[in-house]
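What follows is a short report on a single structure.
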Protein chains: 2
Amino acid sequence: MPKSIARTYSQYSREAAALLGALIREARNERKLTAQELADRAGISRGMLQRIEKGNLKCEIGAVFEVATIVGIKLFDADGSDLVKQLRHTKEKLALMPKSVRRKSKKVNDDF
Amino acid sequence: MPKSIARTYSQYSREAAALLGALIREARNERKLTAQELADRAGISRGMLQRIEKGNLKCEIGAVFEVATIVGIKLFDADGSDLVKQLRHTKEKLALMPKSVRRKSKKVNDDF
DNA sequence: ATTTTATGAACCATAAAAAGGCCATATAAT
DNA sequence: ATTATATGGCCTTTTTATGGTTCATAAAAT
């Protein structure tokens, strides 16, 4: 049972969401879409789009990605994107990775 | 009242979430963190982290961002990132943007 | 081999998010 | 100026995602 969680977010996460929201809003305006129109296309409510554009961290990621995609924002664009670069790396290694991880000892490996 | 929505997601959104999840998992393994440990640090449950790593689109974006941040994934990294590039553009323009958008006529401006 | 620990998947109760409506304000068009 | 449309909050109801639990399997340590 979700027991009254008071979630906290790092500043980085907050900024990331706020910036993404601002980017979405700008893209929407450039395309001359009203909030209602974009919300309809994304299959969400207008209030939801408002929260996304404000950078609300509680929005579901699927809704954010959908909206971003519709207005033409590429989270993982072609080949220049740093994330895509990292991911290429990932997918190559993924097949040979063990499914679980165990540290050598119980010593906390807190190296970062 | 939410009227029993069966939300659909674009393939792009699904892939984006799946890739991000895979990236998180790899980063977690590289840092030798167990799912429980990472979940604890992010302030989420282990089940939630599982869903994130699987690319579940219904997870809240704040949780995904937190986890990604903790394992060192930069969504909007320094200055090379394409998103940051776009955002710089955005923030400059933001101040002078109108708050609402109106099209010239009622003709649907569907140019994309 | 045995033991210990990590993961994956399902279930359930409930806190929380989302939709939809409404209204006030703001902006754009006339 | 007036009119029309867009946005931003707030509120209530309904839906859903989340945390917690359990269990089975998988992998690592011993």
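The structure presented is a predicted model; accordingly, all values stated were derived computationally and were not measured. Protein chains get the first letters and strands the later ones, always in sequence-line order, with residue 1 at the start of each.
- The side chain of A:Arg28 places no N or O atom within less than 4.0 Å of a non-bridging phosphate oxygen (OP1 or OP2) of D:dA6.
- With sequence neighbours left out, B:Glu53 forms a salt bridge (Lys or Arg N to Asp or Glu O under 4.0 Å) with B:Arg25, B:Arg28.
- Considering only the side chain of B:Ala35, C:dT7 comes nearest among C:dA19, C:dT7, D:dG8.
- Distance from the side chain of B:Thr34 is smallest for C:dA6 among the nucleotides C:dA19, D:dG8, C:dA6.
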**OP:** Report the C-alpha distance between A:Leu20 and B:Leu75 in whole Å, list the side-chain angles of each, state the deciding distance to 0.1 Å, and finish with yes or no for side-chain contact (heavy atoms from CB on, under 4.5 Å).
**Re:** CA-CA 10 Å; A:Leu20 183 52; B:Leu75 285 325; over 6 Å; no

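- Atom CD1 of B:Ile61 and atom OH of A:Tyr9 lie 10.5 Å apart (nearest 0.5 Å).
- A donor-acceptor pair is defined here as one N or O able to donate and one able to accept, closer than 3.5 Å; such a pair exists between the side chain of A:Arg31 and the backbone of A:Val71.
- Contact annotation: side chain of A:Arg46 to base of C:dG21, donor-acceptor pair absent below 3.5 Å.
- Overall bending of the helix from C:dA1-D:dT30 to C:dT30-D:dA1, expressed as the angle between end axes built from five pairs apiece, is 60° (10° steps).
- Considering CG of B:Leu19 and CD1 of B:Ile24, their distance stands at 11.0 Å, rounded to 0.5 Å.
- Of all heavy-atom pairs spanning B:Met48 and B:Ile44, the tightest one is CG-CD1, 3.7 Å.
- Of the possible donor and acceptor atoms, none in the side chain of A:Gln36 sits under 3.5 Å from a partner among the backbone N and O of A:Arg46.
- With C:dA19, C:dT7, D:dG19 as the candidates, the nucleotide lying closest to the side chain of B:Ile44 is D:dG19.
- Between the C1' atom of C:dT5 and the CG atom of B:Asn29 lies a distance of 15 Å, rounded to the nearest Å.
- Distance, A:Gln36 CD to D:dT5 P: 14 Å, rounded to whole Å.
- Using a 4.0 Å cut-off, no side-chain N or O of A:Arg7 falls inside it from OP1 or OP2 of D:dA17.
- With rounding to the nearest 0.5 angstrom, the CD1 atom of A:Ile70 is 13.0 Å from the OH atom of B:Tyr12.
- B:Glu66 places its CD atom 14 Å from the P atom of D:dT18, with the value rounded to the nearest Å.
- The pair A:Arg7-B:Glu60 meets the salt-bridge criterion, since a charged nitrogen lies less than 4.0 angstrom from a carboxylate oxygen.
- Residues from residues 48-64 of chain B that place a heavy atom under 4.0 Å from any atom of DNA chain D, listed by number: B:Met48, B:Arg51, B:Lys58, B:Cys59, B:Glu60.
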